[in-house]
Amino acid sequence: MTETADSRSRIERYDPTTIEPRWQDRWSSLRLYETDLHDTSRPKYYLLTMYPYPSGDLHIGHWYIKTPTDALARYRRMHGDNVFYPIGFDAFGLPAENAAIKNGGHPFTWTMANIENMRRQLRSMGATFAWESEVVTADPSYYRWNQWMFLRFLEQGLAYRAKSPVDWCPNDGTLAREQVEGTDRRCWRCGALVEKRDLDQWYLRTTAYAEELLDFSQIDWPEPVRIMQTNWIGRSEGAELDFTTAASDHHPGGDILRVFTTRPDTLFGATFMVLAPEHPLVPALAAPDRRAEVDAYIEQARRRTEIDRLSTDRDKTGVAIGADAINPVNGERIPIFIADYVLSGYGTGAIMAVPAHDERDFAFARAFGLQIRRVVATPDTTADAPMESAYVAHAEDERLVNSGPFDGMPADEGGRAIVAKLAETGAAEPKVTYRLRDWLISRQRYWGTPIPVVYCDTDGIVPVRDEDLPVRLPETVDYKGSGSNPLDHDEAFLKAACPRCGGPARRETDTMDTFIDSSWYWFRYLSPDKADGPVERTLADSWTPVDQYTGGAEHAVMHLLYSRFFTKAMRDCGLIGDDEPFRRLFNQGQILGADGERMSKSRGNVQDPDELVQRYGADTVRLFLMFMGPWDQGGPWSPTGIGGVHRFLNRVWTLSLDPHGREAGDPDAGRLPDGESAEDATKALRAAAHRTLRDVTDDYEAFHFNTMIAKLMELTNTLFRYRGTPVAGGAAWSEAIHMLLLMLAPAAPHITEELWSRRPAADGWPWTSIHAESWPAVDEAATTQSVREVPVQVNGKLRDRIEVSADADPATVEAAALASPKITALLAGRTPDRVIHAGGKLVNIVVRDA
RNA sequence: GCCGAAGUGGCGGAAUGGCAGACGCGGCGGUCUCAAACACCGCUGAGGGCAACCUCGUGUGGGUUCGAAUCCCACCUUCGGUACCA
């Protein structure tokens, strides 16, 4: 037998299927990852990953989300932090009900089976979750506190009841947006035409915090998320102005019509008024001969989605209602329209239309042949110049025109003057409005937290007493084959005694939006079993805000804004002291199916992680998911390339266990590269290891896991060049291998633990887990080099590279660059006009064209 | 529609004002082997040239700069959100 064949058979094969379960058991029996929340000797680090929804579509996407976060938890522990890394399940929601309606059974059964499967998978990943802190939101011990906090919000005036329209199917009741299909808006289940129905529903007063929610000064969040939330809240400064209705044959007039405008300076340009079709004054104002057309338009508008209504692409529609309004500033009579581009929920549900200075009003005026009157002009336009489009820009030198006594004023000043003038008679006031709406939390569904109030004939709406919480969901559910709320016909649930008078009362059957559950769950992780309140205040004070939150960008606005709102509302109820929930946020991307669509069973594009784990082991799958690309990017799933990552782990295995083996196919095996001395080689090994450590540390901190792994691969390639040479197995070699294992440990915890445990006994150390080791320190001296290469450009094009000593000053570098034969030839005797030294990294020689 | 993001070799991607294509996949060539697989070593953006080397090249069109994948303007395409999916 040859030596190479011998060396190959000398070590055992890397077999993740035996290594991984063994270490998972060992870690769990050592209770390595339970967090002592009362330990204050180390800095705390609360690491939170968005808890999963236990859908039936278990797929690789769940691993993609959790794996890097687990690596981060391990990385922080190696820095000495007391890491709290909990997990739970967002267990209420629509898919469980859909499954129950379709297949029979109870949403609880379906959900719990999915949770059990998910727990198993998350364990097989080798993730270090603090399982004893687990929270399942569908458990009465959790949702009880949703109810309790709802009652506190009610006391604080933060919860209230109001009417609002829902999409309604006659067979299936209320529908979610994605349950309404097609442009003719039909029910996804039964195909019936969807109508709007006004229901009394519960709201939380998010708008009370609009101003505070615009302040991001206490948190370090990605800019796109801050921008999206800011735009979502949509603060506008302007004024409310009172128009009045004009007398006409069918109407005495004199009603106040309040509008909101951001441009009071353009009031003289208001040539018509537009009300939302839902505006309460419309029925009274509509002229008898217009009534049929108005009613038809209202009906049509109610069937449109908001996205559709706000589309600026669509041709403007509307109807004149046959009544006029009086402009408060000049007494002018202008016609009133209804149009669906005005929404009842924003501002006052009525606008003054100024076609000359608003694009939507301009389009509407064009479509209906209405007057367009310029009231703002720049020096190069005249007051009467015809307009081809609305003028909305703001210029320094613009002045009001056609505006009576306000002519000639700068627009801003004129606007303030107009508001001040009207304010004298109470017809105007400066006003800030927000696009943000209060949070509608009522859901006409079974599988959610019951809203804890009852309706009593004598006492009206009465909150359930704290001591009667939780209001439990009934254990049996009868969907009667439809999507309508089963609680509505569950007599045992409905029947209640009024907490105030003891008389007969009917229970509220609406349940809460599941976003309530996810708006405070990280507080509950700290004391999941606490029976006398939602949050253990002392633990919350020491552990929250969360240090790092990770989750998908699809939650950039709603979940994250609701969580910020809830934190502030809980603070104002005296439950906690935080102003913000999450100090740092990272949005990872989303793994799609190979077809580029979201993974789901129904699309048949689901990649099951179990298959991959069986074939390659969890470490390979973890590493591959981190190596695929930047974590904030995501993209379509493709297993192409997973073999390369597996090969990398095999190479780490070989290097660790068999440093003296030689590469069978390498003609240079066993020889130092390029006639390097042993001393050179030692230096090169140390330089490679410590530079890698410096870069890898930066990459972990910045969540650049793909390049982190690439750098570990490079180090592995370097080490392979020295395998079998005289330096292999020496001190520098061993140091490099130790560093490689430590750097890789957070990402590939099993193989590194195994190799760590097999270090030669000569090291003389008792076994300790690699995951309890400290992160290594960079030896700066080892990373320095004596020469550096400087690229030389001529007019920005790379023409040569020169080698200079590492400490060469710019003058020396420049002289060397100009002395290079290639450069001299290119310059052909011309003198450089400029020579640019880019921070010592590069030299650019600029010569004018000959 | 509106708000946010992305677009680079055959593929995933690296480089965020300074050497385009790190690292990996795939492909090609080689070594090892009785052979295959595995493993290992090397080459691999396009075009031209015997070669040294030259030209082109980061969605499209313009601009700023000594220098642009990177910054600015306009557009195209794809993805996320759009308030009852979570």
Side-chain angles (χ1 to χ4, degrees), chain A residues 2 4-5 8 50 52-53 55 90 92-95 98 166-167 174-180 206 223-225 227-228 230-232 234 305-314 345 436-445 513-515 518 552-559 561-562 587 589-590 592 596 624 627-630 632-636 638 640-645 647-648 650-651 654 662-669 704 706-707 709-714 717 720-721 723 789-793 795-798 801 822 833-836 838-839 841-847:
Chain A
T2 67
T4 47
R8 217 179 291 168
M50 287 182 188
Y53 178 77
S55 73
D90 186 15
F92 277 137
L94 207 47
N98 291 338
V166 296
D167 285 322
T174 309
L175 298 181
R177 194 183 65 178
E178 72 282 359
Q179 296 179 319
V180 179
T206 41
E223 195 183 16
V225 178
I227 292 171
M228 278 190 274
T230 302
N231 292 339
W232 183 268
T305 65
E306 209 168 292
I307 291 173
D308 190 26
R309 284 177 63 162
L310 288 175
S311 169
T312 49
D313 247 10
R314 196 166 56 92
L436 180 71
R437 301 202 289 253
D438 281 336
W439 178 7
L440 192 161
I441 61 160
S442 280
R443 297 291 181 270
Q444 291 76 50
R445 304 193 192 287
D513 181 0
T514 56
F515 273 124
S518 54
E554 68 272 22
H555 293 297
V557 176
M558 301 189 69
H559 160 59
L561 198 62
Y562 290 143
N587 283 134
Q590 192 175 29
L592 306 169
F624 177 60
F627 182 63
M628 271 172 50
D632 55 5
Q633 200 168 291
S638 162
T640 312
I642 193 168
V645 170
R647 209 165 302 158
F648 162 63
N650 265 303
R651 283 159 73 83
T654 307
R662 295 197 176 168
E663 307 321 320
D666 183 358
D668 296 322
H704 294 164
N706 57 329
T707 52
I709 292 165
K711 279 154 196 163
L712 293 179
M713 286 173 167
E714 280 185 86
N717 292 345
F720 244 86
R721 278 203 284 281
R723 181 168 174 252
E789 201 182 60
V790 179
V792 182
Q793 297 181 332
N795 289 337
K797 274 192 179 170
L798 178 73
R801 294 160 221 262
K822 279 184 199 167
D833 295 293
R834 258 174 98 180
V835 177
I836 285 155
K841 273 187 293 187
L842 169 146
V843 173
N844 187 15
I845 298 163
V846 185
V847 283

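Just so we're on the same page: letters track the sequence lines, and every chain starts at 1.
- Of the C1' atoms belonging to rG57(B) and rA46(B), the separation is 8 Å, rounded to the nearest Å.
- For I836(A) and rG17(B), the CD1 to P distance is 17 Å, given to the nearest whole Å.
- Of the candidates rG80(B), rG24(B), rA14(B), rG24(B) carries the atom nearest the F627(A) side chain, counting heavy atoms from C-beta on.
- Across all strands shown, I307(A) has heavy atoms under 4.0 Å from base atoms, whether or not it also approaches the sugar-phosphate.
- Ring orientation note: the planes of Y562(A) and F515(A) are tilted relative to one another, at an angle of 30° to 60°.
- With hydrogens and angles ignored, the 3.5 Å screen pairs a side-chain donor or acceptor of D438(A) with a backbone N or O of T206(A).
- Of the candidates rG13(B), rC66(B), rA83(B), rA83(B) carries the atom nearest the W232(A) side chain, counting heavy atoms from C-beta on.
- Distance check on atom C1': rG18(B) versus rU60(B) gives 26 Å, rounded to whole Å.
- Dashed line: the shortest gap from a side-chain N or O of K711(A) to OP1 or OP2 of rG24(B) is not under 4.0 Å.
- Rounded to the nearest Å, the gap between the P atom of rU64(B) and that of rC72(B) is 15 Å.
- Taking atom C1' in both rG9(B) and rG21(B), one finds a spacing of 7 Å when rounded to whole Å.
- Between R437(A) and T514(A), the residue whose closest nucleotide on RNA chain B is further toward the 5' end is R437(A).
- For rC41(B), one of the phosphate oxygens OP1 or OP2 lies less than 4.0 angstrom from a side-chain nitrogen or oxygen of R651(A).
- For rC84(B), one of the phosphate oxygens OP1 or OP2 lies less than 4.0 angstrom from a side-chain nitrogen or oxygen of R443(A).
- For rG24(B), the OP1/OP2 oxygens have no side-chain nitrogen or oxygen of N706(A) closer than 4.0 Å.
- Between rC41(B) and R721(A), no contact under 4.0 Å exists linking OP1 or OP2 to a side-chain N or O.
- Nucleotides rC32(B) and rC40(B) are separated by 8 Å at their C1' atoms, to the nearest Å.
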